[in-house]
Each structure stands twice: as structure tokens, then as C-alpha cells.
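When a ligand or atom number is given, it counts from 1 through the structure's own listing order.
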Amino acid sequence: MRSKITGAKYIAQTVHGYGVSHVFYVEAILRRTLVEMEKLGIKRVLTHSEKAAAYMADGYARAGNRPGLCMAQSVGAANLAAGLQDAFLGHSPVLAFTGRKPPLYQYRNSYQEILHNTMYQAVTKYNVEVSAVEQLPHLLAQAFREATTGSPGPVHLDFLGYEGNLTDEAEAELEFAIEAEYARLPARRPLPEAADLRRAVGALRAAERPVLVVGRGTLVSGAQAEVRALAEKLAAPVIVSMDGKSVLPEDHPLFVGPVGSYCAPCANQVLAAADLVFFIGSSTGDQVTKNWTLPPVGSPVLQLDINPAELGRNYPGAIGILADARTGLAALNAELGGPAQPARQGTWPAKAAAIVKEWRAGVEPQCRSEAVPIRPERLCADITAELPADAVVVADTGYSAIWAGTLIGITQPGQLFLRAAGSLGWAFPAALGAKCALPDRPVLCFSGDGAFWYHLCELETAVRWNIPTVTVINNNSVLGQSQLGIRRAYRGEAGGFEQQYKFNDTNFARLAEDLGAAGIRVEKPGELRGALRRALAMNRPVVVDVVTEAEAHPCL
Ligand SMILES: Cc1ncc(C[n+]2csc(CCOP(=O)(O)OP(=O)(O)O)c2C)c(N)n1
């Protein structure tokens with residue numbers, strides 16, 4: 001006869017069975033479950049806000065290619081949902097658990113609670129209420145399945161009890177069934193259809209100037225070798241979305257750079273000269289395509305994606321291959337056979353390489369600049385030089401994304417580059433989560449000061465849990481990317497425009513020290529490499545606070 005167990009034991013043992021090693025949360029939620037998690041060795045990282053908890057789970061999921069878990073009490077549910085926006089846009093498999101008051105409390109001005117369902121609708125793929133402990137086997141298993149299949153993404157389970165307590169304290173006879181394939185990305189590796197491959201090969205053979213636009217889906221799939229083989233076979237330049245950038249070391253002769261609205265301009269130029277664009281494991285959203293101008297809608301497009309709904313979404317009529325990137329590209333490479341069009345080997349890639357070389361030559365002087373305040377280009381060049389071979393770089397949004405995405409070089413196959421899907425302040429907590437998922441790898445966060453202010457208090461969390469990341473702050477005391485737009489809005493009129501983007505000068509190194517972390521302040525370019533080297537060797541949470549030029553603007 002089976003015996004009854006508590007919901008707490010069931011939840012803890014299930015997430016543990018799926019390989020979840022950390023949970024990021026704000027009290028008070030699933031308290032008994034947290035006790036059971038402790039017994040299983042799951043680290044219970046109490047954070048200072050629900051949004052930071054969601055970002056940590058997101059960083060954990062993206063770096064580890066596996067589901068990350070965050071939790072909040074009913075009153076924290078809105079904060080947690082806000083933190084899922086980036087995971088949703090970044091296709092990150094985050095599980096969000098919240099508590100909810102019982103039905104008799106609904107629709108009658110209950111203290112601390114609004115309806116959760118609608119808030120989570122916009123930021124999850126799967127959003128369900130757990131109303132009876134007996135539902136746990138089905139709903140937990142489905143949550144992992146939904147989070148990890150198709151385009152991965154966040155899921156939400158709303159547990160009965162405003163702390164989830166009516167679920168985790170209840171008892172029932174419950175069956176355990178861990179389905180190991182849904183504990184990692186990609187959960188499934190669909191194979192392409194032969195007819196789609198043949199059409200794609202025909203188009204690729206006929207093209208004279210093909211390019212690959214490679215996104216994070218290829219990294220999730222582990223398709224780096226297949227991307228390289230395809231590019232070399234086709235003599236096709238490799239253009240990347242920003243978070244696909246670590247697919248190929250940038251000293252590879254076919255590597256071009258990130259394309260779109262936040263780009264290395266050479267990538268936009270090369271793409272504009274192409275006659276066939278092949279999106280592989282990449283969104284075709286406005287940012288990567290510069291509002292669907294690169295390539296223009298109607299031009300020849302190929303797409304390989306694991307989610308059939310993405311094929312043709314923004315490029316109707318695109319030749320679509322429904323497949324996992326690795327298995328799909330392996331099959332495509334086999335179908336292509338030898339080099340697809342030897343005649344163009346010398347010309348098209350050489351033209352692309354010349355465009356890249358010219359762009360690099362243009363930024364080179366700033367990358368070597370001795371100017372004080374320090375140029376962000378110089379900061380990125382020195383990070384590139386000191387970046388360990390197995391480092392994970394986690395970049396924020398705004399100018400941080402552009403500086404880091406275009407100028408921090410990923411030169412080793414073991415390096416990984418992650419970036420915010422657009423939420424300012426994401427990178428620091430996400431980097432802490434990434435370090436939890438990959439404790440043996442150095443994790444370097446690149447953040448603006450405006451971004452870092454959001455979750456500065458999580459330095460205390462990093463110290464409390466000894467999560468040793470290096471946070472490099474591009475500290476220009478302004479919302480750098482906002483400046484020009486704000487000034488333009490004044491249309492030459494006098495006024496307090498600085499009030500809209502300027503902060504007090506702040507010494508983040510000193511603040512870090514006060515919170516128990518290490519802090520290094522850098523004001524001269526010559527000090528950068530030594531500071532970065534020391535920080536990377538410290539093995540404790542450290543902030544490298546770099547005073548940079550406020551008037552630096554990337555050329556796009
Ligand atoms: C949640 C959120 N709010 C607002 C923005 C708009 N935004 C984008 S970049 C930026 C300024 C960034 O400043 P900072 O982090 O200091 O970096 P810098 O541009 O100076 O390198 C702002 C306000 C955003 N992306 N996300």
C-alpha cells in the first residue's frame with residue numbers, strides 16, 4: 001500500500017529530481033517545501049526582491065540550459081511576474097511558484113492580493129492554479145514539459161494558500177514520475193523533413209551571397225560545430241544575434257558580428273549585401289532585423305527553428321526547416337555534401353571580411369585610448385584580453401549591450417555570452433544565477449551604473465551565499481543611452497535635461513566593500529587589466545567600478 005506524503009515533500013523531491021539545485025525567492029512562500037528542499041541539499045537563496053529572484057532563476061536557466069526556479073508569496077506575485085518579462089522574451093525556462101488565497105477570499109477586497117492569472121498571462125507559456133495537492137504530479141510534470149519544449153519559456157504555478165501553505169502542508173498518495181528529458185534544454189531534438197532539406201539545399205546552392213544569422217537557439221542546442229561546418233561549406237559569413245554571439249570565436253575568418261538595431265555596423269552592411277539570409281535558431285523580431293529592414297520582407301529567407309510557429313512569422317514564404325539546430329544542421333550538412341559553391345569561396349567571404357576589417361580599424365583607436373575618463377571601448381578591449389577561456393559574460397541592456405556585444409570579443413570556444421532581452425538591471429542578478437548554475441566557471445557581469453542601481457542590494461545576497469562573480473560597472477554617472485534622446489526632446493530649448501539622466505557620482509567599489517564584497521575602483525586606463533586580473537583571481541563577489549566617459553556613444 002502506498003503511504004501519504006505532504007505536498008511539500010512532493011514538490012521538493014520533484015524539483016530535485018529534475019536537477020534544480022537552487023531556488024531563488026522572497027519569503028513567505030512554501031515554507032514547508034523549503035524545509036524539505038534543505039534536506040535534499042537545494043540551496044535556498046533568499047533575495048531582496050522578487051524581480052531579482054526571477055532574474056537569478058533566469059540567469060541560472062540560460063547559463064545552465066536547464067529550468068531555474070523562483071518563488072514569491074501572493075503579495076509578491078506582481079513583482080515576480082515583472083521579473084519574468086526578460087525570461088519570456090529571452091526564451092528562458094523559468095518556473096515561477098506563487099501562493100494564492102483560497103476561493104472564499106476572492107473578489108472581496110482581500111488584503112494583499114490581486115488576481116494573478118492575468119498578470120502571468122503575458123509573461124508565461126503555461127499559467128495554472130494548483131488547487132488540490134492531488135494535482136501536483138500532473139501539473140508539476142507538465143510545467144517542466146512546457147518550460148523546456150518548443151521555444152522554451154517561463155511557466156507559473158499558483159499554489160493554494162497565500163504562502164502556498166494549503167498545498168504544501170496537505171497530504172495525499174502521490175506518484176513520482178521524473179521525466180529526465182524535460183530537465184534540460186533541448187528537451188527534444190526534432191529531425192527535419194527530407195523535403196524541407198532539399199528545398200533549403202536548392203536555395204543555398206543557388207545563392208551567390210548567402211549569410212547565416214545565428215541565434216541563441218544554436219547554443220542551447222550545442223550546434224556550434226554544425227554552424228561552423230555549414231558556414232565553411234557555404235563560404236557564408238556568420239552574422240549573429242547578440243545572444244548568439246558565442247557560437248563561433250570571433251577570430252574565425254567568417255565571423256562578422258551582431259546584427260540589427262544593436263549591432264556592429266559591419267554586420268548590417270554584410271547582411272544588406274547578401275542575396276539569401278538563413279536564420280538559424282534565431283528570432284526574426286524587430287531588434288535583430290532592424291525593424292524588418294535587414295533583410296527586407298519579401299527577400300529570400302531560410303529559417304531553421306525548433307518551434308514551427310516561428311517559421312515564416314515575420315518573413316512569409318520563407319523556406320522553413322522545423323528541427324533542433326544540431327540535428328537539423330547535421331542533416332543539412334550531410335545533404336549538401338561537399339563545398340556548396342566553390343566558385344564563390346574567394347569573393348563573397350573576402351568582401352565580407354574586408355567590411356569587418358574596416359569596421360575594426362575604425363574602432364581600434366578608441367579600444368587603445370588612454371583618455372581619462374576611460375573610454376568604454378577601451379574597457380571592453382581590456383576585458384577581452386583578460387577574459388578566461390571558460391568565462392561566462394552576462395551583459396545588461398542599453399549601451400551596455402552594445403558595448404559588450406560588439407566589443408567584448410569571444411575568442412575561445414569555451415566562452416559564453418548572455419545578454420538581457422531588454423530589461424535594465426537584469427544582468428547583475430542574472431549573473432549571480434548563472435554562477436549558481438556553473439559554479440566552476442568565471443562569471444563576469446557587464447553593467448551600466450543605471451542598471452546596477454536596480455539590484456545593488458543583491459551584493460549582500462552574493463556575499464551571504466558566497467556567489468563569487470566579477471561585476472564590471474561602466475560607471476559614467478548617467479543613463480548613457482538615454483542622453484541623446486532626452487536632449488533631442490528639448491529641441492534646443494533651455495531646461496533641466498540633465499535631471500532626466502544624470503546621477504550623483506557614486507563610488508560603487510566603496511559600497512561593495514561596505515556590503516562585505518570586494519571593491520576595486522579604476523580611474524585610469526592603465527590600471528584596467530591589473531584590476532580585472534585581480535578581480536578574477538579573488539574568488540569572492542567583487543565589483544570593479546570603472547569611471548568612464550559619459551559622452552561616449554556607440555556608432556550604430
Ligand atoms: C526596465 C527598463 N526601464 C527602462 C529602460 C530604458 N533604458 C534603456 S538603456 C537605459 C539607460 C542605461 O543606462 P546605464 O545602465 O547607466 O548604462 P549606459 O547606457 O550609461 O552604458 C534606459 C533607461 C529599459 N531598457 N528597461
Residue set satisfying salt bridge (Lys or Arg N to Asp or Glu O under 4.0 Å) with Arg100, at least two apart, ordered chain then number -> Glu129, Asp158
Can you check which of Pro376, Ser482, Ser477 brings a heavy atom nearest to atom 23 (C) of ligand 1?
Ser482
Please report the interatomic distance CD(Glu310) to OG(Ser151), rounded to the nearest 0.5 Å.
5.0 Å
Numbering as shown, the atoms of ligand 1 that approach Tyr454 to under 4.0 Å (heavy-atom distance):
1 (C), 2 (C), 3 (N)
With heavy atoms of Gly398 as the reference, note each atom of ligand 1 found under 4.0 Å away.
9 (S)
So which heavy atom in the protein is nearest atom 18 (P) of ligand 1, and how far is it from that ligand atom?
Gly480 N, 3.5 Å
What part of Asp449 sits under 4.0 Å from ligand 1 if we count only heavy atoms: the side chain, the backbone, both or neither?
both
Atom indices of ligand 1 within 4.0 angstrom of Asn474 heavy atoms, with elements
21 (O)
For atom 15 (O) of ligand 1, grab the closest protein heavy atom and report residue, atom and distance to one decimal in Å.
Ala451 N, 2.9 Å
Go through the structure and list residues passing side-chain hydrogen bond (donor to acceptor under 3.5 Å, both in side chains) with Asp243, not counting sequence neighbours.
Ser241
Has the side chain of Thr218 got a donor or acceptor atom that lies under 3.5 Å from a matching backbone atom of Gly215?
yes
Please report the C-alpha distance between Lys524 and Glu370 in whole Å, then the side-chain angles of each, then the deciding distance to 0.1 Å, and finally whether the salt bridge (Lys or Arg N to Asp or Glu O under 4.0 Å) criterion is met.
CA-CA 8 Å; Lys524 298 195 189 89; Glu370 292 292 333; over 6 Å; no
Under 4.0 Å from ligand 1, counting heavy atoms only, is it the side chain of Asn476, its backbone, both or neither?
side chain
Here the atoms of ligand 1 under 4.0 Å from any heavy atom belonging to Thr397 are 25 (N)
Answer yes or no: does an N/O atom from Gln481 fall short of 3.5 Å to an N/O atom of ligand 1?
yes
Looking only at heavy atoms, is any part of Leu424 under 4.0 Å from ligand 1, and if so is it the side chain, the backbone, or both, or is it neither?
both
Nearest protein heavy atom with distance in Å, relative to atom 25 (N) of ligand 1
Gly422 O, 3.0 Å
What protein heavy atom is closest to atom 17 (O) of ligand 1, reported as residue, atom name and distance in Å?
Gly448 CA, 3.6 Å
Tyr501 near ligand 1 by a heavy-atom separation under 4.0 Å
no
Without swapping roles, check the side chain of Gln415 against the backbone of Gln412 for a donor-acceptor pair under 3.5 Å.
yes
If we ignore hydrogens and angles and just use 3.5 Å, is the side chain of Glu113 paired with the main-chain N or O of Ser74 as donor and acceptor?
no
Starting from atom 14 (P) of ligand 1, which protein heavy atom do you reach first, and at what distance in Å?
Gly450 N, 3.6 Å
Salt bridge between Glu523 and Arg521, side-chain N to carboxylate O under 4.0 Å?
yes
Please evaluate residues Asn474 and Thr548 with respect to the criterion side chain to side chain donor-acceptor pair (under 3.5 Å), reporting the C-alpha separation (whole Å), side-chain torsions for both, the decisive distance (0.1 Å), and the verdict.
CA-CA 6 Å; Asn474 176 37; Thr548 57; 2.7 Å; yes
